[in-house]
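Report on one structure; see the data block that follows.
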Amino acid sequence: MNEAEEFDYIIAGAGSAGCVLANRLSENGRYRVALIEAGGTDDWIWFHIPVGYLFAIGNPRSDWMFRTEEDPGLNGRSLAYPRGKVLGGCSAINAMIYMRGQAADYDGWRQLGLDGWGWDDVLPVFRKHEDHFAGKSDLHGAGGEWKINQPRVSWEILDSFIDAAEQAGIPRTSDFNTGDNEGCGYFQVNQVNGRRWSAARGFLNPAQKRQNLTIVTNALVDRVTLDGKTATGVVIRQDGRERVLKARGEVILSTGAVASPAILERSGIGWGDRLAALGIELAHDLPGVGENLQDHLQLRLIFKISGAPTLNSQYKSLLKRMGMGLQYALFRRGPMTMAPSQLGAFTRSSADFATPNLEFHIQPLSLDKFGDPLHAFDAFTVSVAHLRPSSRGAIHARSRDPNDAPVIAPNYLSSEDDRRVAVDAIRLSRRIVFTPAMERYGPVEYLPGAQLISDEDLANAARDVATTIFHPVGTAKMGVDSDPMAVTDGRLRVRGMDKLRVVDASVMPNITSGNTNSPTMMIAEKAAGMILADV
């Protein structure tokens, strides 16, 4: 690629949003598109075998290895904050769970004044790129690039948990993606024949041979170049040198809720006082950049059991491990096809909520923390996350150097409401596990511990056991003219700037009620239509 070469569109970031954009903006052949990715290609086997997330998360080959600041709401703990570092981004290392959220999430965006973002507006956008195993319907699409299939493994303990949830008042469901995700059932997954289906496989691979699409890997985007209030290109760092790529049309930041605000700030776009402290010349004062961080915080409860197999005991046996490998090699089935969580449940922590505000991820395994070995005893994990937290954090550039990891300060459990929901979530988890449907397994609470009963004890336990479930959003939020903290408008244009958009999870004004990968791809699909319409 010639250093002076110009493009119509420059997309920074080849993650879930960037891959969708690259496909859509290049497909008519009229526009020259550059897709810039700081990671490498997805030619590693563990990007494709579903259980490979165990090897990809926490590995500098595939993960940015970010960490949060020490968080007062977690008793001073710092958490690992995985982000994908490869073509496909987080979709190459995530849980593969297909989840849209609730209709009320998007109707809530519309009620903020963001016309065109209600449930009835976004449902056709979700359907446009779906290829759903059940075929085409009013709710699902068929023939699209984003493959959605049923899981290829089940566990007795998970089947019993469905019965237990029903006894606790949570109905069974076969589809969490109808707009109302209340219920308990197996997650639908982004897999094909037992292999991970990432955004790179679905959207980038079909487009990569197009003459008008240039894919640049191992190139870190430093900043956006500006002519006054107009974006003109990007500065990238590749192979130890700095290069400038020029954009005739638009620059689109799709580097995610962690990296996009930091790029904006290094470009001189953000709160003037903060940029001055970093020695960055102010180009455009936009105080909301990096603010409004929201994430789903999971509380991981562990229960010892007997009388049913779990991955803990299965994995201990060399013979059974060999059997897992053989089952996968021959049939593409079994534990090697497992997403991090196979079973889900959505419900309310109390009658105060009109729609489910809790998401459960149930796993037939247990460990002290991610990256540690499985426990020697049979157990299962009940992970429960508050879907619409009121706590707000921030992500900001640490310095002018793009190699310095951003400052990530989630501010978890800083609101009384969030602490109340955490206490209620622990009590509800116990109530489900100790229903008659689970009695034959003799569940014993291992973590956080049955001796913890009072509100104060349980709130403190939440601070000790909680960890991110990797859904950061909101740091360049959409908003109307009257919102002083809005970074982007309803067409995802950076407010007060020309030819600059942000298209990724950072534009969500409020987090969706579920896993955030597919909503991010919907945002990119919708944005592509807006960008082409604005030509």
Side-chain angles (χ1 to χ4, degrees), residues 6-37 89 106 109 114-117 121-122 124-129 144-146 199 202-204 206-208 210-216 221 224-227 229-234 245-257 259-260 263-264 267 269 476-479 486-509 518-535:
E6 290 188 341
F7 299 88
D8 294 294
Y9 299 107
I10 295 176
I11 304 165
S16 297
C19 287
V20 174
L21 286 169
N23 184 304
R24 295 295 186 249
L25 297 182
S26 66
E27 65 184 338
N28 65 15
R30 294 172 54 191
Y31 306 112
R32 301 196 66 204
V33 178
L35 178 66
I36 315 300
E37 169 56 40
Y106 304 100
W109 295 3
L114 297 167
D115 294 338
W117 289 98
D121 302 303
V122 303
V125 186
F126 277 114
R127 293 177 67 247
K128 178 180 177 179
H129 59 228
E145 297 90 349
W146 197 224
F203 290 89
L204 200 55
Q208 63 184 350
R210 295 173 186 164
Q211 295 299 305
N212 62 322
L213 175 62
T214 299
I215 302 170
V216 185
V221 174
V224 179
T225 58
L226 303 173
D227 180 5
K229 303 283 188 179
T230 301
T232 59
V234 296
L245 307 182
K246 297 180 180 179
R248 287 185 292 265
E250 296 191 22
V251 174
I252 306 158
L253 298 185
S254 295
T255 48
S260 286
I263 293 174
L264 287 172
S267 307
I269 302 168
K477 72 166 185 171
M478 291 187 281
V487 176
T488 50
D489 65 14
R491 297 184 74 79
L492 310 185
R493 298 170 297 202
V494 175
R495 304 189 70 85
M497 301 293 298
D498 291 325
K499 297 187 176 182
L500 180 61
R501 297 193 206 224
V502 180
V503 180
D504 55 34
S506 66
V507 304
M508 294 186 189
S518 289
T520 299
M521 297 173 79
M522 177 278 293
I523 289 170
E525 183 77 76
K526 188 171 176 65
M530 292 174 172
I531 292 166
L532 293 172
D534 287 348
V535 174

Reported [atom1]-to-[atom2] distance for the pair [X] and [Y], which is rounded to 0.5 angstrom:
| X | Y | atom1 | atom2 | value |
| --- | --- | --- | --- | --- |
| L213 | L204 | CG | CG | 6.5 Å |
| I531 | Y9 | CD1 | OH | 7.0 Å |
| W117 | L492 | CH2 | CG | 5.0 Å |
| R32 | R248 | CZ | CZ | 6.5 Å |
| D121 | K526 | CG | NZ | 5.5 Å |
| T255 | L264 | OG1 | CG | 8.0 Å |

Intermediate values then yes/no, side-chain contact (heavy atoms from CB on, under 4.5 Å), M522 and V20: CA-CA 9 Å; M522 177 278 293; V20 174; over 6 Å; no

Heavy-atom closest pair, residues [X] and [Y]:
| X | Y | value |
| --- | --- | --- |
| P509 | K477 | CA-CB, 3.9 Å |
| A524 | A17 | CB-O, 3.5 Å |
| M478 | A486 | C-CB, 4.3 Å |
| S26 | A207 | OG-CB, 4.3 Å |
| L21 | A527 | CD2-CB, 4.4 Å |
| V224 | S267 | N-OG, 2.8 Å |

Pair E525 + R24, salt bridge at N-O below 4.0 Å: yes

Option among D489, D534, T488 that satisfies the side-chain hydrogen bond (donor to acceptor under 3.5 Å, both in side chains) test with R501: D534

CG/N28: more than 12 non-hydrogen atoms of other groups inside 6.0 Å: yes

Answer yes or no: is there a donor N or O on one side and an acceptor on the other, between the side chain of [X] and the main chain of [Y], under 3.5 Å?
| X | Y | answer |
| --- | --- | --- |
| T232 | T225 | yes |
| S254 | V503 | yes |
| D504 | G256 | yes |

side-chain contact (heavy atoms from CB on, under 4.5 Å) between V535 and Y31, intermediate numbers included: CA-CA 11 Å; V535 174; Y31 306 112; 3.5 Å; yes

Side chain to side chain, L25 and L532, heavy atoms closer than 4.5 Å: yes

side-chain contact (heavy atoms from CB on, under 4.5 Å) against S518, all qualifying residues, sequence neighbours excluded: Y98, W146, N190

